[in-house]
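Throughout, protein chains are lettered first and strands after them, A, B, ... in sequence-line order, and every chain is numbered starting at 1.
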Amino acid sequence: MTTYDFNAIEKKWQKYWEEKSLFNPKIDKSKKKFYALCEFPYPSGAGLHVGHPRGYTALDIVARRKRMQGFNVLYPMGFDSFGLPTEHYAIKTGIRPEVATEQNIATFKAQMKSLGFSFAWEREVITSSPEYYRWTQWQFIQLFKLGLAYKETTEVWWCPKCKIGIANEELEAGRCERCDAEVEKKTREIWSLKMQSYSDRLIEGLSRVDFLENIKKMQIDWIGRSEGAEVEFPLSKGGSLRVFTTRPDTIAGVEFMVISPEEVLERFGPLCGGFDNSDEVCGYVNAAVVRTDVERSQTKVKTGVPLAGLVATNPYNGREIPVYTADYVLYGYGTGAIMAVPDLDERDGEFANAMGIKFGETKLLSPDDALKVGERKVNYKMQDWQFSRQRYWGEPIPMVHCSMCGWVPLPESELPLKLPHVDNYLPTDDGSSPLARVADWVNTKCPTCGGAAKRETDTMPMWAGSCWYYLRYMDAHNDREFASREAMDYWGQVDLYNGGQEHTTRHLLYARFWSKALCDGGFIPNDEPFMRRIMHGMILAEGGVKMSKSKNNVINPNDIVAEYGADTLRVYEMFIGPYDQAVAWSTESMIGVHRFLKRAAALSERVEDRAATVAERSVLAVAARDVSERIDALKFNTAVSALMIALNAFEEGDSVAKSVFADFVKLLSPFAPHLAEELWERLGNAESIAFASWVEFDAADISAEGIVYVVQVGGKRRAEISVGADMDQAEVERLAMVEESVAKFITSPVKKVIFVPGKIVNIVI
RNA sequence: GGGGGUGUGGCGGAAUUGGUAGACGCGCUAGACUCAAAAUCUGGUUGGAAACAGUGUGGGUUCGAUUCCCACCGCCCCUACCA
């Protein structure tokens with residue numbers, strides 16, 4: 001007799017949930033809402049990885065518990081489907097990106113559905129669909145109208161392999177995060193969003209949200225706010241050199257100035273003319289600017305050359321000091337030049353030693369005097385968001401350039417601006433987008449004056465669509481606006497947001513910026529999109545190494561579902577270890593979880609319709625307390641063990657009371673929803689367990705069987721005694737003293753007795 | 001260099017306003033069922049015969065320390081010349 005035919009059970013209930021459309025919430029002002037969200041995946045060709053379900057399951061558990069507690073729960077899912085891998089795939093195979101995307105989404109969706117997540121599938125969003133990116137484009141236009149999007153010629157990081165410009169946030173130690181090639185600098189005309197002007201507000205907003213502390217810290221560090229002063233040093237050849245310093249109090253110790261090589265080129269031209277050693281300067285500068293940042297920072301000994309003949313004057317004490325150029329000074333930060341205080345700044349000190357510059361001790365200014373130096377100034381590491389990508393598979397930027405009117409946004413009626421059909425997705429060596437080849441698309445009319453004009457051919461970065469998807473879920477089928485005010489007012493902010501750590505300084509920061517901008521424009525009610533942010537740890541292969549195709553150690557969720565069932569995979573991924581820690585997969589351990597579910601199914605055949613015993617009620621109360629608390633605390637691994645403890649206890653009897661088992665099934669249901677539905681039905685319930693009320697317990701039940709005290713003598717455990725729940729302290733102490741195994745250790749007079757209610761009696765001698 | 005985290009049986013891991021160290025599970029082991037095996041069930045499982053010892057190491061505070069304090073060692077992650 002099969003008591004746990006998980007295949008049949010899981011198919012049956014997945015069909016039931018879908019047919020009844022159980023998890024598609026409607027606005028219902030009589031109920032409190034709860035909005036749970038997992039980052040939507042990029043639908044790669046590889047399909048779902050076992051890492052994906054970890055977050056989905058965790059939030060599914062939270063969502064299911066909240067539903068049972070009476071909340072109106074929105075737990076949606078979709079696909080972030082624009083991006084480079086699909087385009088690379090198209091180049092390699094000739095399969096069109098939208099076709100590949102559709103196939104991949106179908107695969108992902110089938111896999112997700114096979115795991116029984118209570119997603120509101122009716123609200124699915126796909127960022128590469130014109131119905132969706134119509135509104136991404138619309139929002140971009142609003143940002144442009146707010147003055148937050150601008151086009152300028154600037155230096156961008158350029159990946160020579162991907163042939164694409166990339167943002168600072170997409171760099172990994174100076175390399176392209178996608179292909180690991182060293183990036184170069186290239187001058188291009190690109191769109192940027194004024195994210196830097198939101199720096200302070202992005203920091204301030206963190207005080208109003210519940211993110212993990214390290215997430216807040218990473219964002220704050222990334223924004224890199226530093227307060228200081230800008231000081232002007234007059235130059236002997238006229239003009240002056242402006243520098244930023246966080247330590248104006250050290251100005252008396254300035255021994256020399258350093259200008260970044262790029263800044264030298266900008267100030268003195270490609271020939272670096274006008275110095276006594278112009279050839280040397282020119283050679284150094286031109287060699288330096290082609291070196292990557294990685295190369296520069298790996299140089300052990302600092303290098304540089306003097307700008308001979310150029311002298312700067314310290315405005316504080318009138319001292320004349322030499323000026324150098326050196327590549328340890330960064331172009332992109334501050335003014336691209338520094339005042340060097342070798343006595344106090346380690347890097348300046350290293351450079352001074354390398355150059356043989358002598359220096360003495362620095363006299364610090366008083367805080368008051370320091371305030372008088374230069375002009376107060378705040379600098380940020382975070383730059384504006386470079387928003388142009390020279391690729392095909394992204395949202396077209398809905399802008400037109402007219403020689404008369406400049407950059408003009410498309411009128412709303414022309415949205416979505418659909419991606420034109422192209423046959424060749426190959427990037428171009430000159431750095432322009434494949435769209436630039438589509439002449440009849442590029443050439444258009446100016447929306448303002450009707451004259452000849454050209455479309456923008458760059459597309460948006462893959463982070464664009466995910467900036468606002470949480471809003472679209474609230475009202476996914478609205479074709480008049482991106483979401484109605486009513487829907488946004490009701491669903492408000494995301495209450496619980498789960499995602500990967502790698503998005504902390506990208507997606508999470510971008511989405512926060514975007515929301516603030518939209519809120520400023522009056523388009524949305526809240527400026528912080530996510531109230532609480534959590535991260536799940538990675539799932540590694542057996543042995544703790546990364547799963548990879550080349551190592552042939554990838555666990556495919558499909559195989560696990562086929563062999564052990566979705567409920568087993570779900571419960572195992574929760575039981576595998578602390579939610580926020582990286583954990584190694586172990587199929588052997590997973591089988592233990594499978595056994596647990598099997599035993600739960602088997603116990604359903606020993607259910608008797610009788611009153612619950614005191615012991616049963618006690619076990620159930622403990623389980624209800626622990627499971628509830630641990631779900632709320634995101635301690636899913638110990639929540640599962642609480643369920644196991646309860647099951648172990650119930651199995652000891654010949655039978656289990658029906659009411660107790662029913663409550664146990666409720667506690668199990670967020671974790672193993674298919675099995676729970678099946679058992680719930682076997683118990684005679686006609687309605688889904690998904691909306692049954694959560695288990696309430698009576699705290700008195702927990703200790704109804706009595707309390708066990710540990711008795712210690714001098715802090716060492718000597719015995720344990722079981723007493724009635726209402727016994728008073730003096731009586732417990734008396735019982736403890738007379739216990740034989742305790743009494744023999746009381747070899748000298750008792751000094752005092754420490755009594756911890758419900759736990760310990762410690763006799764100090 | 002800076003920042004964060006972490007160290008507990010054979011393994012994954014429990015236990016923090018200081019209060020039974022090793023929950024729960026895996027593995028192992030003995031037994032039941034079986035011709036046999038798998039599956040399942042029952043018992044055992046930190047070391048030690050025991051007294052005791054035991055949470056990376058060494059100190060400290062305390063009736064009592066995995067938990068708090070000091071110093072040190074190891075591992076992991078993030079970040080990286082930001083003036």
Side-chain angles (χ1 to χ4, degrees), chain A residues 172-174 212-215 217-218 220-226 228 243-248 250 258 260 293-294 296-299 302 326-341 344-348 350-351 379-383 501-502 504-505 537-538 542-544 571-572 575-578 580-596 598-599 602 626 635 637-648 651 708-720 750-765:
Chain A
E172 249 168 43
L212 291 172
E213 279 311 310
N214 60 337
I215 296 180
K217 196 178 177 314
M218 274 170 79
I220 289 168
D221 287 352
W222 185 264
I223 293 166
R225 180 182 208 275
S226 57
V243 299
F244 174 72
T245 177
T246 54
R247 294 290 306 273
T250 65
V258 189
S260 71
D293 277 20
V294 190
R296 285 202 200 182
S297 64
Q298 276 168 354
T299 313
K302 293 203 169 6
D327 66 4
Y328 81 92
V329 174
L330 303 176
Y331 174 61
Y333 184 76
T335 63
I338 62 161
M339 59 180 221
V341 185
L344 296 173
D345 185 288
E346 205 179 319
R347 296 153 304 178
D348 295 344
E350 282 172 26
F351 182 71
N379 257 323
Y380 303 93
K381 278 202 269 183
M382 185 177 75
Q383 307 291 312
Q501 160 166 323
E502 69 276 19
T504 302
T505 52
M538 266 212 301
E542 306 219 15
V571 178
Y572 176 58
F575 188 60
I576 189 167
D580 54 356
Q581 266 176 43
V583 287
W585 180 270
S586 161
T587 300
E588 261 185 355
S589 280
M590 186 197 65
I591 290 171
V593 166
H594 188 62
R595 286 183 191 139
F596 160 70
K598 257 193 204 157
R599 290 195 283 115
D626 289 352
K635 294 188 171 178
N637 54 335
T638 51
V640 173
S641 72
L643 289 167
M644 288 173 166
I645 290 167
L647 181 68
N648 290 346
E651 278 180 328
V708 174
Y709 274 89
V710 167
V711 184
Q712 299 180 328
V713 179
K716 282 197 175 143
R717 183 181 183 280
R718 294 304 181 189
E720 62 182 43
V750 174
K751 267 196 196 155
K752 61 174 168 174
V753 177
I754 311 271
F755 180 82
V756 183
K759 283 183 176 161
I760 271 190
V761 179
N762 186 10
I763 299 157
V764 185
I765 56 173

[N] and [M]: how far apart are their [atom1] atoms, nearest whole angstrom?
| N | M | atom1 | value |
| --- | --- | --- | --- |
| B:U46 | B:G2 | C1' | 40 Å |
| B:C26 | B:U42 | P | 12 Å |
| B:U66 | B:G19 | P | 10 Å |
| B:C75 | B:G25 | P | 34 Å |
| B:U8 | B:A14 | C1' | 10 Å |
| B:A80 | B:G74 | C1' | 23 Å |
| B:G22 | B:G9 | C1' | 7 Å |
| B:G31 | B:G48 | C1' | 26 Å |

Could you check how far [atom1] of [X] sits from [atom2] of [N], rounded to whole Å?
| X | N | atom1 | atom2 | answer |
| --- | --- | --- | --- | --- |
| A:Tyr572 | B:G13 | OH | C1' | 11 Å |
| A:Glu350 | B:G1 | CD | P | 12 Å |
| A:Ile223 | B:U79 | CD1 | P | 15 Å |
| A:Glu651 | B:U40 | CD | C1' | 12 Å |
| A:Asp580 | B:G4 | CG | P | 17 Å |
| A:Lys635 | B:G13 | NZ | P | 15 Å |
| A:Ile576 | B:G13 | CD1 | P | 9 Å |
| A:Gln581 | B:U6 | CD | P | 8 Å |

Strictly by Watson-Crick or wobble contacts shorter than 3.5 Å, is anything paired with [N], and which nucleotide is it?
| N | result |
| --- | --- |
| B:C52 | B:G47 |
| B:A71 | B:U57 |
| B:U40 | B:A32 |
| B:G1 | B:U79 |
| B:G22 | none |

If you take atom types as modelled and just measure distance, does the side chain of A:Lys751 reach the base of B:C63 with a donor-acceptor pair under 3.5 Å? no

Practice prompt. Would you tell me whether A:Ser226 and A:Tyr333 have side-chain atoms, one donor and one acceptor, within less than 3.5 Å of each other?
Written response: yes

Exercise. Do A:Arg225 and A:Asn379 meet the criterion of a side-chain donor-acceptor pair at a distance under 3.5 Å?
Worked result: no

Once base and sugar-phosphate atoms are separated, protein heavy atoms under 4.0 Å mark nucleotides 18-28 of chain B, 5' to 3', with B, S and - as -BB--BBSSS-

Measure from the side-chain N and O atoms of [X] to the backbone N and O of [Y], and report whether any donor-acceptor pair falls under 3.5 Å.
| X | Y | answer |
| --- | --- | --- |
| A:Asp348 | A:Val341 | yes |
| A:Glu542 | A:Thr587 | yes |
| A:Tyr709 | A:Glu720 | no |
| A:Ser589 | A:Ser586 | no |

Heavy-atom closest pair (A:Thr505 atom, A:Met218 atom, distance to 0.1 Å) is CG2-O, 4.0 Å

Assign [X] to base, sugar-phosphate, or nothing according to its heavy-atom contacts below 4.0 angstrom with the strands shown.
| X | value |
| --- | --- |
| A:Gly224 | nothing |
| A:Met218 | sugar-phosphate |
| A:Leu643 | nothing |

Item checked: 4.5 Å side-chain heavy-atom contact, A:Asn762 and A:Val711 -> no

Expected label for B:G9 (glycosidic angle, syn inside 90° of 0, else anti) would be syn

Comparing nearest nucleotides in RNA chain B, the 5'-proximal residue of the pair A:Gly336, A:Gly577 is A:Gly577

Walking RNA chain B from its 5' end, the first of A:Val764 and A:Gly334 to be reached, judged by nearest nucleotide, is A:Val764

query: Distance under 6.0 Å and angle within 45° of the ring axis: does A:Lys302 meet both against A:Tyr328?
result: yes

A:Pro578 has its side chain closest, among B:C78, B:A83, B:G13, to B:G13

Among the nucleotides B:A83, B:A15, B:A80, whichever has the atom closest to the side chain of A:Asp345 is B:A83

